[in-house]
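Notes follow once the structure below has been shown.
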Amino acid sequence: MRTIMLSVILFIACNTVYAQQSGFTYEGFEKEILKFKPQKKNGVAQDKFDYASMILSETKKATKDNPDNFNLADYFNVLFAFLTLNIPDDALDIAYKKFSSAPGSCEYLIAFKDKVNQGKIYDRIRQRYMADLGKCNGIPKAAGLSAQKNDHSAKSPLAKQLEDILQQDQKFRTTGIPNADLASKQKKLDIKNQERIDSLFNVYQTYIGKSMVGEKYQNVMWIVIQHSDLGRMEKYLPVISKAVESKELPELNLKMLIDRIYAIKYKYQIFGSQGGVKLADEKTIQSVRVRYNLK
């Protein structure tokens, strides 16, 4: 998976016909995105336009301008950008279908549930998103942050532990309804999960990732860390970084953890995964990318 980005922009002037309104098709969507050149629409903030243009360029680099290289992260990035820049419903519908039908979409549906449920920007897709999330939540025994099957490790004792940890992590988060009492109950479960992750790390002395538990549970340790306190996030940051370097965990997870840490410490982020948090200046962004070997 690739990093969460705020990707592509699609409108021209406020009172003109949207140039790509009939140009986006489901079958040719990837090729059309790679050829797309954004034009600023009246009412779209310049900083959003500039950042989205950069993300479009990053998407092209990440896919190597090859439509066959699009993956779940790319589709999510396009979808988020379409929402940000308020593109027409027909194009948004295609983008959402591409995202929701991509392998492993439950991973993102679960991970970004709170943001989608609360953020106004998601109003146009919230009903569909929550309906699809319900299908993910209905998978027996919380199939996890990935809907992809990986039978070789799914039944191991370690995988079963992570499956239970994931169930506890999502127990009160999957309601989709803000509730102080449920949040308090979830906090207690989160603390227990963090203690369990600490114990597992003390035993294995490494990130419990793809080679140990398969793709199905490779994100579990990360999501517990992501839901923890700043001190624990900073403690495991080098561990997550090493896991990404060794292909035990997707690069996206590291970028999201970095964004969470920077948002808490400095009130800005690097990669754009934290809603409502401003981006750092370009010099800081490049410095962090170099430090963690992230393109």
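Just so you know, residue 1 is the first one in the sequence shown, and it goes up from there. For the numbers below, each heavy atom of this structure counts, side chains included, while hydrogens, waters and symmetry mates do not.
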Does either side chain, that of [X] or that of [Y], offer a donor lying less than 3.5 Å from an acceptor on the other one?
{"X": "Glu282", "Y": "Gln286", "answer": "yes"}
{"X": "Tyr236", "Y": "Gln226", "answer": "no"}
{"X": "Asp190", "Y": "Gln186", "answer": "yes"}

Spacing of [atom1] belonging to [X] relative to [atom2] belonging to [Y], to within rounding of 0.5 Å:
{"X": "Phe99", "Y": "Tyr129", "atom1": "CZ", "atom2": "OH", "answer": "5.5 Å"}
{"X": "Asn179", "Y": "Phe172", "atom1": "CG", "atom2": "CZ", "answer": "10.0 Å"}
{"X": "Tyr266", "Y": "Ile261", "atom1": "OH", "atom2": "CD1", "answer": "9.5 Å"}
{"X": "Glu245", "Y": "Leu294", "atom1": "CD", "atom2": "CG", "answer": "9.0 Å"}
{"X": "Leu109", "Y": "Lys135", "atom1": "CG", "atom2": "NZ", "answer": "10.0 Å"}
{"X": "Leu237", "Y": "Lys242", "atom1": "CG", "atom2": "NZ", "answer": "14.0 Å"}

So do the side chains of [X] and [Y] get within less than 4.5 Å of each other, counting heavy atoms only?
{"X": "Leu158", "Y": "Met212", "result": "yes"}
{"X": "Lys98", "Y": "Ile33", "result": "no"}
{"X": "Arg260", "Y": "Met233", "result": "yes"}

Please determine whether a side-chain nitrogen of the Lys or Arg among [X] and [Y] lies less than 4.0 Å from a carboxylate oxygen of the Asp or Glu.
{"X": "Asp93", "Y": "Lys97", "answer": "yes"}
{"X": "Asp169", "Y": "Arg196", "answer": "no"}
{"X": "Asp89", "Y": "Arg124", "answer": "yes"}
{"X": "Lys255", "Y": "Asp259", "answer": "no"}

In one Ile/Leu/Val/Met/Phe/Trp/Tyr side-chain cluster, 4.5 Å: [X], [Y]:
{"X": "Ile285", "Y": "Val290", "value": "no"}
{"X": "Tyr262", "Y": "Val277", "value": "no"}
{"X": "Ile191", "Y": "Leu200", "value": "no"}

Exercise: identify the closest heavy-atom pair between [X] and [Y]:
{"X": "Arg126", "Y": "Asn117", "answer": "NE-O, 3.3 Å"}
{"X": "Gly209", "Y": "Glu248", "answer": "C-OE1, 3.2 Å"}
{"X": "Pro250", "Y": "Val244", "answer": "O-CG2, 3.6 Å"}
{"X": "Ile240", "Y": "Ile225", "answer": "CD1-CD1, 4.1 Å"}
{"X": "Asp65", "Y": "Pro67", "answer": "O-CD, 3.7 Å"}
{"X": "Leu162", "Y": "Val220", "answer": "O-CG1, 3.5 Å"}

Just by distance, do the side chain of [X] and the backbone of [Y] share a donor-acceptor pair under 3.5 Å?
{"X": "Tyr207", "Y": "Trp222", "result": "yes"}
{"X": "Gln269", "Y": "Leu279", "result": "no"}
{"X": "Ser184", "Y": "Ala180", "result": "no"}
{"X": "Glu30", "Y": "Asp68", "result": "no"}
{"X": "Asn71", "Y": "Asp74", "result": "yes"}
{"X": "Ser241", "Y": "Pro238", "result": "no"}

[X] [atom1]: over 12 foreign heavy atoms closer than 6.0 Å:
{"X": "Gln127", "atom1": "CD", "result": "no"}
{"X": "Lys247", "atom1": "NZ", "result": "no"}
{"X": "Asn293", "atom1": "CG", "result": "no"}

Next on the checklist: Taking ring pair (Phe, Tyr, Trp, His ring centres under 6.0 Å) as the definition, give me every residue that meets it alongside Phe29, ordered by chain and number, with sequence neighbours left out.
Outcome noted: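 Ring pair (Phe, Tyr, Trp, His ring centres under 6.0 Å) list for Phe29, sorted by chain: Phe24.
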Item to check | Qualifying residues under ring pair (Phe, Tyr, Trp, His ring centres under 6.0 Å), relative to Tyr26, sequence neighbours excluded | outcome: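 Here no residue qualifies.
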Next on the checklist: Please identify which of these residues, Glu163, Lys160, Gln161, meets the side chain to side chain donor-acceptor pair (under 3.5 Å) condition with Tyr217.
Outcome noted: Glu163
Checklist entry - Passes side chain to side chain donor-acceptor pair (under 3.5 Å), Glu251 versus Tyr292? Steps please. => result CA-CA 10 Å; Glu251 186 178 277; Tyr292 293 98; over 6 Å; no
Checklist entry - For Tyr108 and Leu252, what are the C-alpha separation, side-chain angles and deciding distance, and is it a side chain to side chain contact (heavy atoms under 4.5 Å, CB included)? => result CA-CA 11 Å; Tyr108 278 47; Leu252 167 65; 2.5 Å; yes
Item to check | Qualifying residue, where the test is side-chain contact (heavy atoms from CB on, under 4.5 Å) with Leu83 and the options are Leu92, Asp123, Val116 | outcome: Leu92
